[in-house]
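Here's the structure, in structure tokens; my notes come after.
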Amino acid sequence: MANMNLYSRGDKLFVIVNMVLLGLFTISTLYPFIYIASLSMSTGFEARAGNVILTPVGFTLEAYKQVLSEPQFWISYRNTFIYTIGGVLMSLAFIIPGAYALSRPQLYGRRFWNLAVAFTMWFNAGLIPFFLNMRDLGLLDSYFGIIIGFAVNGFNIILLRNFFEAIPQSFEEAARMDGANEFQVLWKVYMPLSKPAIATVALFCIVSRWNGFFWAMVLLQDEDKIPLQVYLRHVIVELSDDEEFATTLLTSAYSFETVSAAIIVCSIIPILLIYPFLQKYFSKGILLGGVKE
Amino acid sequence: MSGVSLKGIVKAYGALQVVHGIDLEVQEKEFVVLVGPSGCGKSTTLRMIAGLEEISDGDLTIDGRHVNRVAPKDRDVAMVFQNYALYPHLNVADNIAFGLRIRKESKETIASSVEEVGGILGLTPYLERRPADLSGGQRQRVAMGRAIVRRPKVFLFDEPLSNLDAKLRTQMRAEIKRLHKRLGVTSIYVTHDQVEAMTLADRIVVMHDGRIEQIGSPMELFLNPVNTFVAGFLGSPPMNMVNARIVAGDLGPVAEFGDNKIQLDQVASLQNSVGQDVVLGIRPEFVTVADDTVPHRVSVEVDLIETLGSEALIHASLQGDPFVIRTETVGQMNVLDGISGFTIAPHLIRVFDAKTGVSLPGQAVGQ
Amino acid sequence: MSTDPDFTGPTTENLVFDAAEAQRRRRGSTLVRIGDHLKREWQLYAMLLPTILWLIIFLYKPMYGLQIAFKDYSIFRGVADSPWIGLEHFNTLFNNDQFLRAVKNTVIISFYSLLFGFPMPILLALMFNEVLNQTFKKSAQTIVYLPHFISSVIIAGIVITAFSPSAGIVNTVLGWLGIDSIYFLTKPEWFRPIFVGTGIWQEAGFQSIVYLAAIAGVSPTLYESAVVDGASRWQMMWKITVPSIMPTIIIMLIIRIGNILEVSFEMIILLYQPATYETADVVNTFIYRQGLQGGQYDFAAAAGLFNAVVAFVLVMTANTISKRYSRTSLW
Ligand SMILES: Nc1ncnc2c1ncn2[C@@H]1O[C@H](COP(=O)(O)OP(=O)(O)OP(=O)(O)O)[C@@H](O)[C@H]1O
Ligand SMILES: [Mg+2]
């Protein structure tokens, strides 16, 4: 399929039209990000007047100054890091040993335990009982509550379990003959052999932690504990309804719109930084996970 | 003494019993090979000895210690796996050292042991390589290295050569034999390749459907199989089986089938079995080909002759059933011409009960 | 096998006897065996324990808590001690216009997402497959997968900014066309198109991965023989690629239908306003407002239970069908 010269005229036309259409779709995906980035670097006046189309108009970084000088921004940013790092470590601490145990044929009641995990993906008690349970456990308004309350997830366990299952049993047996106990088998053999799968799960966790806002919004009232996404929602969604507030924010240098755009840019950057890894592992992970019971 | 003793060993998966009570005494330094058709329970037995499978019933003793409930790592045995199970993320040296590290041996001990084992197995140039960068034979050697480095009391092998091509297999077979001579460690070796079994074993254990059919030295099993199963399993091409009836003849018992008669050995059990239906076991190697001029021959119809150089395989039919003859060709120019039958010495024929397949007692071919 | 009484080898009766005998001996020591097993393998159970405990505390205990759907729940009495009131909440629920509206909206929004959102990733995968220039293909893929990883808050922020009446790019463009600026997010008739469109924009690229994988699994020899037969690329796409990935398409369709109640309500919470509740309010946002914002926990839990049971039935049905269809289940 390499040499274009071998193609008939119809085929050439088809390939070109296809490429153009795909290009358009790609541009329309990319455009909103460019638009937001340009907006964040335009002056408030131009933004408000709707003059920003593609590139910054009246280039200024005032909006960023405004965002970065807001203490709540930094508090939320720090909190998001705490939730993300703490959450990922917590998740892996549960999921890796759990998935390993579930993958072992010698585990009694293996089918039952696996079903107990899978069932949680099919049936969910819902928002209210989960919330009341968190409240009864005293995990409202608590860092620990957010970190532990979302540590385990059936899909990730099953993804990793499938990967462990695909590793020949004889590795475990060889290591046991060599004198390793189960923890050493996992730590010294199965984990090094499962780096891609573990990376996939870790990235799943990072993304969902970084992006999660709903439960943080519900479970956290204390502003000192809210993550970036909740702060973002507060600024972008709630304040945008408030035309009066938006107008008071307007100066010639920045406006509500440019400030919103600047916060968005600031919170996307970490995701963009890990995006190359995401792309590498996620497609694998999706395919790994979606295969079998 | 580092022997292994199995008494009434049973393995059941739930209600399904796959090993039905095995008794086996392996002497110190002995090389015992378990053979049998696929699914007969060889691996299961070996893995119970290793401690990788729980023993459902019976007693297992290693070196005089009852080890039914002892963890694999505390049994002081090492195992070589069919797929080698080399850790792909570790290089050869680290693979060999893995067990020593887990057992927290000192750095110096580890280094010197790895070096020594590498030397023994000719792995010294490859110590830094990953398993993926090794040839099949080298991987096989690393797997052996990992087993011998710990100087265990017993080696267990589960079809260690079956992933190699024919030539390498022959070579590694000889190497395993040499290694056993050198280290003198009690070994139990599973295979379904009878050539491996014959060449490596001090004693062979033939298994069938979770039971032991016969235990004995390779020649014993080859010459004196206790039943038709063992007779048919060992030897290549396998023993010919001919249905016959024992009748009384002038010189003692005679086997009669169709128009043919063969003189049998004059042992009591055969003499007393006149009138019984039997199966004659005739090894392809033990017959002498004959042409029309030879009297008292059993006549066969030759279908096809395969010449292999120093010997030839003659595929014939005896009263409609296939019958194979193996004959030497060296120094016998015209041996393959005009074959119309064979003769055989009475004591080389094995006679089995037609109903049970068990060898009639008293027949024995000395070595 | 023989019935000869003298025969001492393994007869069928002997086999049966052996097995029964061995089993009898084993059964007596079941406890011992379990004890042995635990002694050998306790570490495995130690590894499993945290996960199981977590599931019990955070997912199974709330299922027990679902009983408040049948109770007059009071915070002070707790889940167990609140009095039973039977199906009263469900009665109220099915006479509640807002709830019925939410059910209707859930189904409609899902249906539109399916109708417009389902073909898109397939189309994209087919188009990617026809691209010859690998650099172009890689960069385009990199870009179209990206929105999947962006949080719904940010996506909502972008939507709000882009559709804002004063500064938004959409109204700017409309202005060029001489159309008066529209405050889209307060208009019920605009909510569904914006929501569904945003969903497609965010997920279509990423969802195409599944189909690209299916396409990658098609044997190249099929194409090679088609080339030899003189087929055009267009023909090969329709005659080879599409039929080859049809099983995947059908399974994905079954799964999507099974998940019809799964509307990304987080995004709706971010985008809707009282003015658009009429078309935007779905079951989960209804539960959120009634329960978490309004404090009617028992009533909202009843709505949640209804939702969960219907969803469970749908998902299990879809899973069964797709299993039968493909012998691979959902997970
Ligand atoms: N986990 C298990 N559950 C149920 N039956 C099993 C299990 N493992 C093995 N078996 C059965 O036990 C019997 C013996 O298996 P085993 O692996 O010991 O055979 P084998 O002699 O090693 O055969 P091969 O030469 O093919 O390796 C087989 O019939 C097999 O199906
Ligand atoms: Mg085997």
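Keep in mind that what you see is a predicted model, and the values were worked out from it rather than measured. Quick note on labels: first sequence line is chain A, next is B, and so on, each numbered from 1.
A:L132 touches chain C through its side chain: at least one heavy atom from C-beta onward sits under 4.5 Å away, while N, CA, C and O do not. Residue contact with chain C, scored on non-hydrogen atoms closer than 4.5 Å, involves the backbone of A:N124 exclusively. Heavy atoms of A:F14 lying under 4.5 Å from chain C belong exclusively to its side chain. With a threshold of 4.5 angstrom between heavy atoms, C:I269 approaches chain A through its backbone and through its side chain. Using a 4.5 Å cut-off between heavy atoms, A:A47 touches chain C through its backbone atoms (N, CA, C, O) alone. Contact of C:I57 with chain A is made through backbone and side chain together, with heavy-atom distances under 4.5 Å. For chain C, the nearby part of A:L186 is the side chain; its heavy atoms alone come within less than 4.5 Å. For C:Y60, the part lying under 4.5 angstrom from a heavy atom of chain A is the side chain only. A:A151 touches chain C through backbone and side chain together, each having a heavy atom under 4.5 Å away. Contact of A:I263 with chain C is not made at all, since no heavy-atom distance falls under 4.5 Å. Looking at C:V173, neither its backbone nor its side chain comes within 4.5 Å of chain A, counting heavy atoms on both sides. Only the side chain of A:I36 comes within contact range of chain C, with heavy atoms under 4.5 Å apart. Both the backbone and the side chain of A:V117 come within less than 4.5 Å of a heavy atom of chain C. Using a 4.5 Å cut-off between heavy atoms, C:N284 touches chain A through backbone and side chain atoms alike. Both the backbone and the side chain of C:S232 come within contact range of chain A, each with at least one heavy atom under 4.5 Å from a heavy atom of that chain. Both the backbone and the side chain of A:Y108 come within less than 4.5 Å of a heavy atom in chain C. At a 4.5 Å heavy-atom cutoff, the contact between A:R233 and chain C is made by backbone and side-chain atoms alike. Heavy-atom distances place both the backbone and the side chain of C:L292 under 4.5 Å from chain A. At a 4.5 Å heavy-atom cutoff, the contact between A:L137 and chain C is made by side-chain atoms alone. For chain A, no part of C:L49 is nearby; none of its heavy atoms comes within less than 4.5 Å. Only the side chain of A:Y35 comes within contact range of chain C, judged by heavy atoms closer than 4.5 Å. Both the backbone and the side chain of A:V152 come within contact range of chain C, each with at least one heavy atom under 4.5 Å from a heavy atom of that chain.
Residues A:W210 and A:F204 keep their aromatic ring centres 6.0 Å or farther apart.
Classified by interplanar angle (parallel below 30°, tilted 30° to 60°, perpendicular above 60°), the ring pair A:W122/A:F119 is perpendicular.
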Would A:I158 and A:M121 count as a side-chain contact (heavy atoms from CB on, under 4.5 Å) here? Give the steps.
CA-CA 10 Å; A:I158 288 175; A:M121 301 198 301; 3.7 Å; yes
What's the verdict on ring pair (Phe, Tyr, Trp, His ring centres under 6.0 Å) for C:Y45 and C:H37, showing C-alpha distance, side-chain angles and the deciding distance?
CA-CA 11 Å; C:Y45 297 91; C:H37 174 79; 5.7 Å; yes
Verdict with supporting geometry, A:L30 and A:T26, side-chain contact (heavy atoms from CB on, under 4.5 Å):
CA-CA 6 Å; A:L30 194 56; A:T26 308; 5.6 Å; no
Go through the steps to decide whether A:M134 and A:L219 satisfy the test side-chain contact (heavy atoms from CB on, under 4.5 Å), and finish with yes or no.
CA-CA 8 Å; A:M134 290 296 277; A:L219 298 174; 3.9 Å; yes
Ring pair (Phe, Tyr, Trp, His ring centres under 6.0 Å) between C:F149 and C:F206: does it pass, once the steps are laid out?
CA-CA 9 Å; C:F149 300 101; C:F206 193 68; 5.4 Å; yes
A:R176 vs A:E182, side-chain contact (heavy atoms from CB on, under 4.5 Å): CA-CA, chis, key distance, verdict
CA-CA 8 Å; A:R176 288 195 100 170; A:E182 284 292 356; 3.3 Å; yes
Would you please test A:W215 and A:F131 for ring pair (Phe, Tyr, Trp, His ring centres under 6.0 Å) and show each step?
CA-CA 9 Å; A:W215 282 109; A:F131 171 78; 7.2 Å; no
Please walk me through it: do A:F214 and C:Y288 pass ring pair (Phe, Tyr, Trp, His ring centres under 6.0 Å)?
CA-CA 10 Å; A:F214 178 77; C:Y288 167 68; 5.5 Å; yes
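Evaluation of the salt bridge (charged side-chain N to carboxylate O under 4.0 Å, His left out) test over residues 13-35 of chain A, restricted to residues two or more places apart or in two chains, returns none.
Side-chain atoms of A:T29 do not come within 3.5 Å of backbone N or O of C:I143 as any donor-acceptor pair. Formation of a donor-acceptor pair under 3.5 Å by the C:S264 side chain with backbone atoms of C:M267 is not found in this model. C:S164 places no side-chain N or O within donor-acceptor distance of the main-chain N or O of C:I160, the cut-off being under 3.5 Å.
Top candidate by heavy-atom pairs under 4.5 Å with chain C, chosen from A:G98, A:G126, A:S208, A:S260, is A:G98. Listed options A:V207, A:I53, A:I96, A:N51 were ranked by heavy-atom pairs under 4.5 angstrom with chain C; first place goes to A:I53. Ranked by heavy-atom pairs shorter than 4.5 Å toward chain C, the options A:I264, A:L272, A:V185 are led by A:I264. For chain A, the option among C:G157, C:A204, C:G304, C:G65 with the highest count of heavy-atom pairs below 4.5 Å is C:G157. Each of C:N307, C:I169, C:T172 has some count of heavy-atom pairs under 4.5 Å with chain A, and the biggest count is that of C:I169. The candidate from A:V218, A:I95, A:I271, A:N181 with the greatest count of non-hydrogen atom pairs under 4.5 Å with chain C is A:N181. Chain C forms more heavy-atom pairs under 4.5 Å with one residue of A:V52, A:I27, A:I148 than with any other, namely A:I148. Of the listed residues (C:F128, C:W54, C:F265), the greatest number of heavy-atom pairs within a distance under 4.5 Å of chain A belongs to C:W54. In terms of heavy-atom pairs under 4.5 Å with chain C, the best-connected choice from A:P276, A:A116, A:G10 is A:A116. When each of C:I52, C:L146, C:I287 is scored by its heavy-atom pairs under 4.5 Å with chain A, the top score falls to C:L146. Between chain A and the options C:T142, C:L305, C:L314, the largest number of non-hydrogen pairs under 4.5 Å is found for C:T142. In terms of non-hydrogen atom pairs under 4.5 Å with chain A, the most contact-rich of C:L185, C:L212, C:T186, C:I150 is C:I150.
Comment: C:E41 does not engage A:R104 in a salt bridge, judged by the lack of any side-chain N to carboxylate O separation of less than 4.0 angstrom.
The two atoms that bring C:S151 and A:Q229 nearest to each other are OG-OE1, 2.8 Å, heavy atoms only. Summarising the geometry of C:L48 relative to A:A101, their closest heavy-atom pair is CB-CB, 3.9 Å, with the distance given to 0.1 Å. The two atoms that bring C:Y297 and C:I68 nearest to each other are O-CD1, 3.9 Å, heavy atoms only.
In this structure, A:Y31 places its OH atom where more than 12 heavy-atom neighbours from other residues, nucleotides or ligands lie under 6.0 Å away.
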